[in-house]
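Structure first, then comments.
Protein chains get the first letters and strands the later ones, always in sequence-line order, with residue 1 at the start of each. The shown structure was predicted, so the numbers you read here are calculated from the model rather than taken from an experiment.
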Amino acid sequence: MNKKISRLRGMYDVLPDESWIWQRIEHIVEETFQSYSYQQIRFPIVEKTQLFHTTIGEATDVVEKEMFSFQSRSGNSISLRPEGTAGCVRAVIQNQLCNRGATQKLWYIGPMFRYERPQKGRNRQFTQIGAEYFNVESAHADAELILMTARLWKNLGLPNIQLEINSLGTSQSRKAYREVLIAYFQQHSELLDEDAQRRLLTNPLRILDSKNPNMKEMINNAPLLSDYLDDESKEHFQQLKSILDACKISYKINPKLVRGLDYYSKTVFEWITTDLGSQGTICGGGRYDSLVELQGGKPTPAVGFAMGVDRIVEIIKDLKLWQNNNESKTYLIVDKEVAMETAYKLSEKIHQALPQLKLFMNQNPTSFKAQFKKADKMGAQFAIIVGQEEAKSGKITLKYLRNKEIGQQSFEFAEFVSFMNKQQ
RNA sequence: GCGGCCGUAGUUCAGUUGGUAGAGCCCAGGAUUGUGAUUCCUGUUGUCGCGGGUUCGAGCCCCGUCGGCCGCCCCA
């Protein structure tokens, strides 16, 4: 008879000991993206299932077996978004943000849902932050997005992150390569595992990603995508590389880097950490020039990326990169014998005069000793003591808990305010 | 979707060949007449994840289930 209802598998609660990390990441992301003049866009968590099928691709794992799909009351199939680009593109088309050649630099943050087996760095509800740059065809746009993410890692203070890039080519050159690749794999069909057999005609590029040791040699000898790039794609890729070189962003060209979502073309990139085990990609993205048209909009080149906030939080926690400074700095210690009205009058006066001050007030006054103990455990810098003497005199007694030499002082209210202002 | 490990107080864990639970930390109170971080004393806490089975008897054995971790897979 267990009446407790537990949370769903792969979902989680963010508790106060961790929420401050999320808040700080969100704050830094917002500042960084704004400094590059990207504007926030917000779009629904639920969309028509069809949107994800046409955008992400029928043969992808995300669509085939990882979507939270269900029937709406009117009988339509709707789904929780498994990623952000689909909804963002839909919103751009529907609200005509790119009409008459307008460019857009957009970013978003929010929960995404995929029905997967939970693991470190992989949850069923997870938070992604993404940015999308619409209507610039040249690699300058790709470069800006990569530079902006590099700036973000710097601002967040994340170490051990590497950039990998590749070019998938235009959809025409990819089509040509695809046929060569299928032919090659068919020659070696006796070596293909079950997974590869299944993907041979739906998504042969993904076979290159396989870690099956039996297929390793065969894959290593497979024709390379880079040999089949057309001039336009080569030129585009070269442009990106020379900007990255100029800005001293180091990268590795990974010719086997192919993204799992169908809509990518030309540039693809990933930021990878070695600190998270097997879920090491913290940010991935690329160009998707044909997606807007595929969704029924006017042809609009675009490029974007998404990053997993949960994974970034994990790194910051595991490596203990940050310290919490969101805790109360000042603890209001109230004598049991002092009327709470007096204490509240003072605390409101303090909030009015020092709006930045993080004041903790104990609504259940116990002994002085116990309150001091609590203030200490909480990491408070100061204790304001409201005892019977202070209630009579109207003065403020302030004790500096972190420095015995300064110790305890008595102030008039105005003196107290200017003292605290100096401290902050 | 596949494979492996795991689930005992708030927490970290112990629990002998099956005989219905224990420690450290934390928390609360006190030694200290209005004052913390050291020390000492005292005290609270569990349907042993949940359900079923075997047994005279199950935290321990078996089955199921839920949840977590790790690998595959996938991806951010």
- [ ] Determine, using ring centers only, whether A:Trp107 and A:Phe33 are less than 6.0 Å apart.
- [x] yes
Expressed as a whole number of angstroms, how long is the span from [X]:[atom1] to [N]:[atom2]?
X	N	atom1	atom2	answer
A:Ile207	B:C74	CD1	P	11 Å
A:Glu314	B:C69	CD	C1'	12 Å
A:Ile282	B:C75	CD1	C1'	13 Å
A:Asp310	B:G68	CG	P	14 Å
A:Glu270	B:C74	CD	C1'	12 Å
A:Lys65	B:C75	NZ	C1'	12 Å
A:Gln119	B:G3	CD	P	15 Å
A:Leu401	B:U35	CG	P	14 Å

When the [atom1] atoms of [N] and [M] are considered, how many whole Å apart are they?
N	M	atom1	value
B:G59	B:C6	C1'	15 Å
B:G7	B:C13	C1'	13 Å
B:G67	B:G51	C1'	15 Å
B:G10	B:G1	P	33 Å
B:U32	B:C41	P	16 Å
B:G30	B:G19	P	42 Å
B:U16	B:G49	P	15 Å
B:U55	B:U8	C1'	22 Å

Compare the minimum distances between each of [options] and the side chain of [X], then state the nucleotide with the smallest one.
X	options	answer
A:Thr281	B:U35, B:C75, B:C74	B:C75
A:Arg402	B:C73, B:C66, B:G36	B:G36
A:Glu116	B:C69, B:C74, B:G68	B:C74

Need one value for [X]: base, sugar-phosphate or nothing, where a base atom within 4.0 Å counts as base even if backbone is also close, heavy atoms only.
X	value
A:Gly130	nothing
A:Gly10	sugar-phosphate
A:Ala306	sugar-phosphate
A:Phe305	nothing

- Quick one: is A:Arg114 getting a side-chain N or O under 4.0 Å of the B:C75 phosphate, OP1 or OP2?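 Looking at the OP1 and OP2 atoms of B:C75, neither is under 4.0 Å from any side-chain N or O of A:Arg114.
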Subject >> Presence of salt bridge, A:Asp61 and A:Arg206, under 4.0 angstrom >> reply: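 Result for this pair is no, no salt bridge flagged.
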Which base sits across from [N] as a Watson-Crick or G-U pair, both distances under 3.5 Å?
N	answer
B:C50	B:G64
B:U17	none
B:G71	B:C2

Answer yes or no: side-chain N or O of [X] and base N or O of [N] forming a donor-acceptor pair under 3.5 Å.
X	N	value
A:Arg206	B:C74	no
A:Arg117	B:G3	yes
A:Arg122	B:C69	no
A:Gln408	B:U35	yes

Separation between OG1 (A:Thr55) and CD (A:Glu83), nearest 0.5 Å, reads 7.5 Å
Review point. At what distance, to the nearest 0.5 angstrom, does CG of A:Leu257 lie from CD of A:Glu270?
Key: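 If we round to the nearest 0.5 Å, A:Leu257:CG and A:Glu270:CD are 5.0 Å apart.
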Q. Between A:Tyr228 and A:Arg178, is there a donor-acceptor pair closer than 3.5 Å when you use the side chain of the first and the backbone of the second?
A.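 No, because the side chain of A:Tyr228 does not come within donor-acceptor range (under 3.5 Å) of the backbone of A:Arg178.
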ask   = Given that A:Arg124 and A:Thr127 both sit by RNA chain B, which one's nearest nucleotide is further toward the 5' end?
value =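 This one resolves to A:Arg124.
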Walking RNA chain B from its 5' end, the first of A:Lys399 and A:Arg7 to be reached, judged by nearest nucleotide, is A:Lys399
What I want to check is whether the side chains of [X] and [Y] have a donor and an acceptor closer together than 3.5 Å.
X	Y	result
A:Asn362	A:Tyr331	yes
A:Glu31	A:His27	yes
A:Gln40	A:Arg42	yes

- Message: Angle between ring planes, A:Tyr38 versus A:Tyr133, binned at 30° and 60°: parallel, tilted or perpendicular?
- Response: perpendicular
(Q) Less than 6.0 angstrom from the centroid, inside 45 degrees of the normal: does A:Lys374 satisfy that with respect to the ring of A:Phe360? (A)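 Negative - A:Lys374 is either too far from the ring of A:Phe360 or too far off its axis.
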Per-nucleotide protein contact along nucleotides 26-34 of chain B, 5' to 3', at a 4.0 Å heavy-atom cut-off (B base, S sugar-phosphate only, - neither), is -SSS-B--B
